[in-house]
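First the structure, in the form of structure tokens, and then the observations on it.
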There are 4 protein chains.
Amino acid sequence: MSTAVSPTDSSARLRCTDRATLPSRFATVRAQTEQFCEPLHTEDFVVQTEEHVSPTKWHLAHTTWFFETFVLEPHLDGFEPLNEQYAYLFNSYYIQAGERHCRDRRGYISRPTVSEVFEYRAFVDEQVHTLLDQADAATMDTIAPLIELGIHHEQQHQELMVTDMKHVLSVNPLRPSYRDDLPEARPDKPMPLRWVGFDEGLYEIGYDGDGFHYDNETPRHRTYVQSFQLSNRLVTNREYMAFMDDDGYERPELWLSAGWSTVQEREWTEPYYWERHDDQWYVYTLGGLREVNPDEPVCHLSYFEANAFARWADARLPTEAEWEVAAEGLPVQGNFVEDDAYHPQALSADAPGHTPTHGNGPLHQMYGDVWEWTQSHYSPYPGYKPLPGAIGEYNGKFMCGQFVLRGGSCATSQTHIRPTYRNFFHPDEAWQFMGLRLARTPQ
Amino acid sequence: MSTAVSPTDSSARLRCTDRATLPSRFATVRAQTEQFCEPLHTEDFVVQTEEHVSPTKWHLAHTTWFFETFVLEPHLDGFEPLNEQYAYLFNSYYIQAGERHCRDRRGYISRPTVSEVFEYRAFVDEQVHTLLDQADAATMDTIAPLIELGIHHEQQHQELMVTDMKHVLSVNPLRPSYRDDLPEARPDKPMPLRWVGFDEGLYEIGYDGDGFHYDNETPRHRTYVQSFQLSNRLVTNREYMAFMDDDGYERPELWLSAGWSTVQEREWTEPYYWERHDDQWYVYTLGGLREVNPDEPVCHLSYFEANAFARWADARLPTEAEWEVAAEGLPVQGNFVEDDAYHPQALSADAPGHTPTHGNGPLHQMYGDVWEWTQSHYSPYPGYKPLPGAIGEYNGKFMCGQFVLRGGSCATSQTHIRPTYRNFFHPDEAWQFMGLRLARTPQ
Amino acid sequence: MSTAVSPTDSSARLRCTDRATLPSRFATVRAQTEQFCEPLHTEDFVVQTEEHVSPTKWHLAHTTWFFETFVLEPHLDGFEPLNEQYAYLFNSYYIQAGERHCRDRRGYISRPTVSEVFEYRAFVDEQVHTLLDQADAATMDTIAPLIELGIHHEQQHQELMVTDMKHVLSVNPLRPSYRDDLPEARPDKPMPLRWVGFDEGLYEIGYDGDGFHYDNETPRHRTYVQSFQLSNRLVTNREYMAFMDDDGYERPELWLSAGWSTVQEREWTEPYYWERHDDQWYVYTLGGLREVNPDEPVCHLSYFEANAFARWADARLPTEAEWEVAAEGLPVQGNFVEDDAYHPQALSADAPGHTPTHGNGPLHQMYGDVWEWTQSHYSPYPGYKPLPGAIGEYNGKFMCGQFVLRGGSCATSQTHIRPTYRNFFHPDEAWQFMGLRLARTPQ
Amino acid sequence: MSTAVSPTDSSARLRCTDRATLPSRFATVRAQTEQFCEPLHTEDFVVQTEEHVSPTKWHLAHTTWFFETFVLEPHLDGFEPLNEQYAYLFNSYYIQAGERHCRDRRGYISRPTVSEVFEYRAFVDEQVHTLLDQADAATMDTIAPLIELGIHHEQQHQELMVTDMKHVLSVNPLRPSYRDDLPEARPDKPMPLRWVGFDEGLYEIGYDGDGFHYDNETPRHRTYVQSFQLSNRLVTNREYMAFMDDDGYERPELWLSAGWSTVQEREWTEPYYWERHDDQWYVYTLGGLREVNPDEPVCHLSYFEANAFARWADARLPTEAEWEVAAEGLPVQGNFVEDDAYHPQALSADAPGHTPTHGNGPLHQMYGDVWEWTQSHYSPYPGYKPLPGAIGEYNGKFMCGQFVLRGGSCATSQTHIRPTYRNFFHPDEAWQFMGLRLARTPQ
């Protein structure tokens with residue numbers, strides 16, 4: 001049953017944006033990961049609160065394992081792992097890379113300790129730099145794309161570390177905050193909702209440049225898109241509370257069948273992280289519990305909720321093709337993790353927008369703040385082939401029953417996102433920074 | 001929370017193919033349903049073996065309830081139900097039509113007895129005929145499309161009755177057969193596999209005629225399809241056994257992630273209804289246990305298995321757009337339930353095929369035998385709107401996490417299927433007559 | 001792993017009360033079983049509503065299988081079973097008698113049909129009579145105790161048939177009754193509760209006579225019993241409703257820890273089969289839904305509820321030794337299944353009681369009406385040895401986590417019960433006719 | 001629904017052994033608890049591996065909460081808790097003492113940190129000493145028994161800390177040890193098994209002295225015990241391996257019905273913590289993985305396994321009355337936690353034994369090494385009354401479906417155990433240091 005791990009084969013189709021800056025970009029990303037840990041206590045690194053929420057300690061080690069397994073082991077002569085069992089403990093889901101520790105038991109592992117994990121990181125970092133220093137051109141052709149992939153992989157896990165830590169702290173009745181210095185926007189005059197129109201036609205979507213990208217963004221291909229409209233900004237808490245006040249969580253006709261079952265089984269009556277005290281809605285944030293700010297983008301919605309809201313609003317979610325067509329021509333700007341807000345921010349009516357290539361008016365918040373649910377199931381693009389070997393397990397094997405999100409969030413790094421970037425989650429998941437923008441089909 | 005049931009609103013968008021024949025078509029379909037029951041004993045009508053497998057008794061009553069609820073109650077003056085509680089017992093999932101008995105408890109209900117259910121059917125049939133006799137033109141405009149819908153609804157349940165009864169009989173260690181007179185094809189020379197090519201281009205798919213159809217087939221719309229190839233016939237047991245012999249069920253790299261989890265949790269090692277005795281594969285059929293016939297289309301595969309097989313075969317599943325483009329120009333012919341085989345049939349090399357409008361060679365078995373899994377998630381067509389009211393729950397609310405199947409099966413009525421017909425099931429389900437045809441993208 | 005089935009070994013320790021009447025007693029019990037089925041429709045025989053609730057059809061066949069397996073197969077020369085697979089389908093839990101069909105799937109088996117099961121019964125009955133006719137003395141020594149055991153086994157299943165059928169009919173929203181002619185007592189003056197005292201001392205309990213009994217009633221042995229008091233009659237619905245009105249189901253301090261968990265998980269707020277309509281309590285009975293009669297013995301209580309009630313009443317449940325000491329000298333009389341009430345009956349203040357050998361006043365309802373929960377875990381008596389072979393699985397292997405009940409119920413046959421009879425169920429079970437009598441320790 | 005917490009009422013029935021030494025005994029036990037933590041890393045304190053396995057951090061805080069809730073809050077004027085939410089976080093199961101955090105989520109709580117928990121301990125310790133210093137005679141009468149109870153409660157949790165930490169470390173694939181300096185006995189000549197006889201008669205069991213004890217040990221009462229024999233020592237690994245080699249885990253006739261189900265569901269084939277490598281049995285100990293020492297007492301057996309072994313050995317488990325009768329006259333000596341072995345120790349043939357008051361030969365290992373399963377369900381003694389208020393939840397509410405163990409283990413403190421001490425666990429639990437001694441009934 002064993003198929004050899006052959007990341008080399010895969011690397012032929014991987015890209016590296018810029019080899020000159022690779023060592024410094026590697027060092028920067030690795031250091032950033034550790035900076036995210038600064039506000040934490042040792043105990044915080046250990047806890048796993050749900051199967052899909054990993055301990056911080058695990059993220060730190062898994063991203064390290066990625067470089068060890070796909071870069072150092074095959075390409076650094078004489079490489080000896082610091083601890084042979086780490087490969088078993090810190091593999092996530094790469095079946096072709098060997099046996100793994102159960103995902104739902106990551107919180108049972110008190111050792112290696114946090115400081116041992118930091119030693120593991122330092123050890124691997126040093127070896128990667130050694131390899132980069134000594135690699136000849138042929139080796140560099142092979143390892144540069146893999147290190148590039150590892151950098152982007154680590155950025156994904158930075159975002160997961162933030163969202164998982166939010167979950168871990170939130171379930172604690174003491175409600176500790178991650179940081180106490182986080183800002184909040186409260187515009188005098190919030191941005192009104194307007195519709196931006198796009199014409200029907202044959203468009204191209206998908207990645208086709210020289211830069212880094214995942215295999216699931218390819219191949220770039222033609223797609224026919226009927227005329228559509230997008231809302232100029234994200235849906236706000238104010239708008240979502242109107243849905244709630246209109247019995248949104250009690251009207252089955254608004255929901256997908258699987259969504260309605262979920263609402264009933266889990267007794268959903270409000271967005272994730274919201275709670276009610278004394279006739280006021282509060283939301284747990286990385287800055288602690290706050291009153292819900294009505295002008296902020298609504299966040300931590302599942303696909304089911306986003307879809308029900310859209311139906312209630314006599315609209316729908318955009319398809320991912322519509323989103324990508326709309327994104328053409330827009331700068332990749334927004335409230336990212338570099339902005340240090342760790343929460344979506346309210347939009348002022350005088351905020352400058354950008355008019356897309358194909359649209360008839362300015363759009364806001366297309367990047368950052370919250371990942372935008374699209375109505376599109378996560379499926380392969382026409383002609384899509386996963387990368388061969390274990391690296392090919394990165395994306396393709398998840399193309400079943402999940403939905404695509406676009407645009408990044410306040411926990412995403414600006415250097416990580418692209419117009420063609422396809423994120424994907426199951427329709428009942430809400431612990432990521434997820435929200436929505438409305439779409440509709442002109443009659 | 002209650003929204004009034006308003007089938008009338010829906011009927012504006014429903015169609016009736018032929019009003020003149022409506023009473024006779026109604027009578028015919030209702031009688032056919034009962035003919036499917038003739039080989040059964042009273043005890044067989046009662047049993048429910050899984051949540052999604054309903055008792056025959058329930059199908060008989062539910063299809064009757066459909067006419068009672070959507071036709072008689074709103075449109076026959078002075079209508080009194082035979083038993084008011086039947087509405088609770090025999091509603092399936094129409095939330096807007098009122099409370100329902102739990103789906104997983106249908107097998108707990110010994111009363112009404114089978115003969116009482118037949119009385120219920122006779123009662124409702126008589127009332128429907130009364131209504132048809134006395135309806136004025138305006139009423140007829142309203143009820144004809146609803147009765148038409150009920151006829152097609154009943155045909156769907158005829159197919160489910162057959163597949164559910166197969167399940168019920170199969171779990172019995174005595175292995176009773178449904179009928180002992182079912183034929184089996186054993187061609188001397190089976191049909192070889194060939195690839196039929198289709199050009200890329202802008203096509204239209206979806207329903208746009210005058211006949212009956214479901215809302216999910218609309219609107220007809222443009223879609224861009226890249227060039228592709230389809231196999232000329234269905235995949236056979238012989239081919240599937242080669243996959244099994246090549247450790248298909250033990251190689252995670254062939255499977256979707258959710259598929260691999262399912263294989264492991266349920267310990268799948270062969271298709272549903274297959275079993276091994278003395279180095280020979282057997283399959284439970286409605287004619288009892290038989291040796292697997294290598295030239296028959298492989299049947300009772302889940303999406304997960306179909307997808308893994310296709311990957312193993314260095315191919316893929318077709319999209320539903322590809323299937324529909326390929327079906328253009330072909331006659332709706334094949335091994336349907338009217339052919340009385342109740343099992344997919346092996347194809348002889350000299351069987352006549354039909355060349356589709358857009359393809360470069362003859363195709364076989366596009367209709368009948370087995371529903372063909374497509375790789376397409378079941379999603380709304382651009383501009384799709386579900387019908388209003390309870391009738392609108394028929395299709396749209398299931399557009400999440402399911403996959404489309406095309407072409408009908410040996411348990412489908414020929415009068416029920418269309419080129420644009422979209423069937424849909426979850427990727428782990430295999431108790432329907434489901435198989436596959438291969439597709440690939442030319443390099 | 002296989003141990004030969006050796007009922008012969010066991011029979012050395014089994015008894016037969018009266019060989020002369022054995023054939024007629026066998027015929028009578030077998031006929032009675034079928035009489036219990038007369039009010040049923042064919043569909044009613046098929047349904048299984050919970051794992052521990054078997055279809056009537058299964059009870060009919062299983063009791064037959066018992067005679068076939070333990071009497072005919074080993075002792076009737078040339079015996080050929082009617083259908084070899086029945087042994088697999090109708091074994092309950094006798095691991096040493098071979099593989100069995102899963103207990104929770106008995107309701108999936110539509111075949112053999114009901115009439116085939118009656119044919120199976122007739123076939124086995126005829127063979128047993130043949131064997132009895134032709135048996136020589138030595139064979140008779142072996143088979144008479146086994147047939148006697150089979151008779152008592154069948155009586156146990158008669159009671160289970162009644163309680164299981166009650167469950168099957170009760171879950172049907174149509175609420176069918178089993179019979180429409182069942183009586184109900186409504187005394188003008190109900191019996192008041194009094195305490196009957198018993199002295200401490202060394203007593204003997206357990207079976208030690210010549211008659212039929214189960215192995216778990218032996219050996220008769222000495223036990224020291226502290227002085228105690230028993231209530232003169234069973235606890236009534238009136239008394240139990242006072243507990244409910246005093247928030248009995250909401251006060252954790254009254255409950256065992258496992259009981260309180262059960263109350264919360266299953267959301268218990270009243271006894272099994274009770275329901276509330278318009279400020280009135282109703283109870284489902286075999287005669288249909290009735291208003292709760294406050295003077296009837298409270299019935300269908302779990303151990304958890306009986307124990308919580310007793311604690312609330314500042315009393316406790318009796319031990320099984322106390323119950324058996326109290327029963328000494330009392331006639332085995334009461335409301336049994338032969339009385340055709342199928343429900344516990346209210347007790348009039350002028351009903352005659354009987355004063356036990358060791359007690360200081362008359363006791364009522366010690367037999368019949370409801371099985372009385374004792375506080376005693378079901379454990380082996382000192383010196384207890386289970387019978388060897390498969391027959392030994394009858395009782396001993398269940399001595400873990402269950403509680404003893406005494407005295408029989410309105411669904412028990414009078415010819416089946418004894419003072420030493422130990423029934424046992426899990427503490428969360430309530431679908432048998434179960435209630436309680438209070439005990440207390442004098443201060 | 002709320003019942004006031006009234007530990008005062010309970011204290012009337014609680015005892016304090018020695019008031020003069022109370023402050024020093026309190027200080028000693030509190031310090032010992034912290035000494036058990038010395039070999040641990042911060043991360044080790046956080047993890048919960050099963051619902052019944054609590055984090056070390058939780059044990060440290062819960063034992064502190066016990067003094068805060070039952071001693072300081074009601075009896076120290078002006079007491080202010082360090083953190084009001086700790087009462088919610090660190091209550092275990094005292095429903096009458098208020099709401100609690102879910103038991104299965106104790107491992108989700110990273111805060112308070114370990115050092116904060118140690119601060120909490122220091123804070124409460126200081127307050128208790130203050131209270132002891134300033135208490136007048138009446139207050140002392142009330143608090144001394146409660147502090148005594150808290151000391152014994154803390155000793156119980158010391159044992160649980162050890163067994164829970166063993167579990168936490170054992171599930172880690174790195175297999176860390178708790179300490180590396182633990183001894184192991186390997187006698188040249190192990191002790192042979194002999195039977196010690198006891199006469200039948202009327203005995204007394206239960207506590208009736210002046211010292212500390214739990215309510216479940218009272219009242220002392222008469223019980224009639226039939227003549228019996230006990231094995232002179234504990235069952236060894238050698239003997240248990242013979243059972244395994246004789247297919248003990250594959251023969252249902254040896255097992256209780258619930259035990260056999262457990263064996264099959266959980267796929268048990270050896271004792272807990274055992275594993276097989278290269279034809280050799282290993283066992284995880286607090287000193288790491290070791291080869292199984294055949295002369296050590298077998299340990300970490302469930303009741304089900306102990307009972308099956310006894311049946312296989314043609315013997316049985318003793319009742320708790322038998323054990324207590326046998327213990328009369330024996331010194332409370334053995335391998336306790338103070339002996340610093342943290343594992344049961346092999347017994348040499350020349351080890352001195354002690355002849356009990358009622359027995360005919362010397363017994364070994366009655367105390368320490370492993371808790372001995374008795375065949376007795378955990379039930380109330382005749383006349384037992386739980387203490388009133390929340391303190392009464394300590395023992396009585398668990399008297400359902402559990403079994404009694406006697407004698408303490410290598411993880412028990414010698415100052416904690418008594419001849420009348422009744423420990424209790426469910427029959428499927430094996431993570432405590434549990435083993436068995438055989439009994440039999442002379443024929």
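Residue numbering restarts at 1 for every chain, and letters A, B, ... go by the order of the sequence lines. Computed from a predicted structure; not experimentally measured.
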Closest contact, heavy atoms only, [X] versus [Y]:
X: B/Thr223; Y: A/Tyr224; answer: CA-CB, 4.3 Å
X: B/Pro252; Y: A/Ile95; answer: CG-CG2, 3.2 Å
X: B/Gly396; Y: A/Leu256; answer: O-CD2, 3.9 Å

Using non-hydrogen atoms only, which part of [X] is less than 4.5 Å away from chain A: side chain, backbone, both, or neither?
X: B/Phe304; result: side chain
X: B/Phe228; result: neither
X: B/Pro442; result: neither

Of all of B/Gln226, B/Lys385, B/Gln402, B/Arg440, which one pairs up most often with chain A through heavy atoms under 4.5 Å apart?
B/Gln226
Heaviest contributor of heavy-atom pairs below 4.5 Å to chain B, chosen from A/Arg311, A/Gln443, A/Arg222, A/Met399, is A/Arg222
Tell me whether B/His377 contacts the main-chain N or O of A/Ser379 through its side chain, where contact means a donor paired with an acceptor under 3.5 Å.
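Side chain of B/His377 to backbone of A/Ser379: no pair is present.
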I need the B/Cys400 SG to A/Phe403 CZ distance, nearest 0.5 Å.
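One gets 4.0 Å once the value is rounded to the nearest 0.5 Å.
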Taking C-beta and beyond as the side chain, do A/Gln375 and B/Pro380 meet within less than 4.5 Å on heavy atoms?
yes
For the CG atom on B/Asp314, are there more than 12 heavy atoms of other groups (residues, nucleotides or ligands in this structure) within a distance under 6.0 Å?
no
